[in-house]
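Numbers here simply count residues along the sequence, with the first being 1. Note that ligands are numbered from 1 as they come in the structure, with each ligand's atoms numbered from 1 the same way. These numbers come from a predicted model, not from an experiment.
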Amino acid sequence: MSPSSDERTLLVAGPRGFCAGVERAIAIVEQMLPLVEGPLHVRKEIVHNRAVVDDFVRRGVVFVEELDEVPAGGTVVFSAHGVSPAVRDDAARRGLRVVDATCPLVTKVHRQVQRHAGRGRHILLIGHVGHDEVVGTMGEAPDAITLVTSAREAETVALPEDRDLYYVTQTTLSVDETRDIVEVLQRRRPDLRGPAHSDICYATQNRQDAVKALLAEGIQRLLVVGSDNSSNSLRLGEVARLAGVPADLVGGAHDLPRAELAALNLVGLTAGASAPEYLVQDIVRYFEAEGWAVRSRIVLEEHVKFDLPPELSGNGIL
Ligand code: SF4
């Protein structure tokens with residue numbers, strides 16, 4: 001028998017959705033759009049969300065994979081995930097105007113790599129193969145960095161005997177999985193050093209904590225608004241699955257697993273750091289129309305904000 005409507009509750013996680021780095025990256029593109037003559041180019045997806053990118057494409061932004069697609073003298077925005085020094089050099093060689101939307105928390109990881117590789121240490125980067133952020137970070141010290149993707153790999157990866165080691169991580173990893181990987185590496189090399197505070201960013205940590213709070217309330221399924229190339233969104237689903245709760249990554253209300261939801265009475269909803277709130281609210285409206293109660297479960301309030309790049313903060317670029 002299906003549950004009565006007053007027993008059906010959608011629990012909405014907080015914090016969820018946009019983080020300060022994504023808000024800043026989107027604000028940079030918004031501010032640049034009317035200021036640039038000709039098309040504004042963005043290298044890679046400005047943030048990993050299909051709806052955000054499609055909206056900018058409709059408004060004339062041209063997304064490119066590499067800088068050779070940007071005409072000489074053009075303007076290009078680097079995405080929130082950061083770029084390697086080789087890409088910055090390439091932009092300079094081509095005479096491009098660059099506005100950098102790299103999240104300051106990603107830049108912080110780059111600086112650690114520069115500092116410790118510069119002191120002769122070998123860097124272990126914990127992260128996912130091919131992710132834009134990982135590609136950019138590895139480019140800071142391509143000859144002195146090894147990517148470690150899992151606890152299993154941490155058991156066997158070659159650790160240079162003759163070098164001090166320092167680890168950094170991608171900012172959007174699973175907090176629990178990363179702890180396991182670091183433990184394996186430290187068991188193998190007790191002298192391994194790393195950052196005093198985790199490189200996993202506040203937004204990733206908080207969104208995972210908020211999902212754990214939903215799980216503690218007994219949700220039967222988790223809906224994560226996000227795109228399939230969004231690392232932090234994927235990790236939110238993993239947190240639920242690790243606890244034995246099914247999770248769906250959904251692009252919006254059109255994507256809901258409606259048949260499965262019909263049999264449930266307590267469902268969780270969250271959104272990755274690059275997913276706009278209007279997509280969450282579309283889903284909330286769908287549940288309300290189906291007679292579900294909607295309740296927030298907020299574990300903390302976020303008040304993080306990042307300044308725009310100096311050339312934009314006065315709105316006076318170009
Ligand atoms: S998820 Fe974290 S590191 Fe990535 S843009 Fe947001 S605040 Fe920055």
Side-chain angles (χ1 to χ4, degrees), residues 13-31 42-53 56 63 77-84 99-113 125-128 130-140 167-178 194-211 224-239 249 270-277 279-280 299-309 312:
R16 62 173 179 274
F18 280 4
C19 60
V22 164
E23 280 178 350
R24 177 178 180 271
I26 289 173
I28 287 171
V29 177
E30 292 280 1
Q31 288 209 16
V42 177
R43 183 182 177 276
K44 309 281 185 186
E45 293 190 344
I46 183 71
V47 299
H48 284 157
N49 185 268
R50 205 59 250 161
V52 171
V53 170
F56 277 133
F63 288 89
V77 179
F78 290 156
S79 79
H81 311 99
V83 299
S84 68
V99 180
D100 190 358
T102 302
C103 175
L105 300 181
V106 174
T107 301
K108 195 175 120 217
V109 178
H110 281 231
R111 295 225 168 96
Q112 288 183 76
V113 173
L125 168 60
I126 300 171
H128 294 285
H131 188 276
D132 289 340
E133 181 185 324
V134 165
V135 173
T137 306
M138 292 194 76
E140 291 289 352
Y167 79 86
V168 294
T169 81
Q170 191 179 330
T171 55
T172 50
L173 298 180
S174 152
V175 173
D176 299 330
E177 195 186 346
T178 303
H197 300 289
S198 168
D199 295 324
I200 296 175
C201 77
Y202 80 94
T204 300
Q205 168 93 53
N206 291 347
R207 281 149 193 69
Q208 290 176 23
D209 288 348
V211 164
V224 181
V225 184
S227 293
D228 59 10
N229 59 346
S230 163
S231 173
N232 79 89
S233 303
L234 293 170
R235 305 293 83 78
L236 295 174
E238 283 174 12
V239 169
L249 189 65
T270 186
S274 46
E277 178 65 13
L279 297 175
V280 174
V299 296
L300 58 81
E301 304 276 351
E302 286 176 346
H303 302 284
V304 181
K305 214 168 165 37
F306 296 136
D307 292 338
L308 292 177
L312 265 183

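Ion pairing of Arg50 with Glu45 is present here, as a side-chain N (NZ or NE/NH1/NH2) and a carboxylate O approach within less than 4.0 Å. The existence of a salt bridge linking Glu302 and Arg207 is confirmed by a sub-4.0 Å separation between a basic side-chain nitrogen and an acidic carboxylate oxygen.
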Which is it for Asp199 and Gln112 under the side chain to side chain donor-acceptor pair (under 3.5 Å) test, yes or no, and what are the steps along the way? CA-CA 10 Å; Asp199 295 324; Gln112 288 183 76; 2.7 Å; yes

With side chain to side chain donor-acceptor pair (under 3.5 Å) as the criterion, how do Gln208 and Ser174 come out once you've worked through the C-alpha distance, each side chain's angles and the decisive distance to 0.1 Å? CA-CA 8 Å; Gln208 290 176 23; Ser174 152; 4.6 Å; no

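The closest side-chain donor-acceptor pair between Arg235 and Ser231 falls under 3.5 angstrom.
Results of the side chain to side chain contact (heavy atoms under 4.5 Å, CB included) test with Val52 over Ile26, Leu279, Val29 single out Ile26 as the only residue that passes.
Distances under 2.8 Å from atom 6 (Fe) of ligand 1 pick out the protein N/O/S atoms Cys19 SG.
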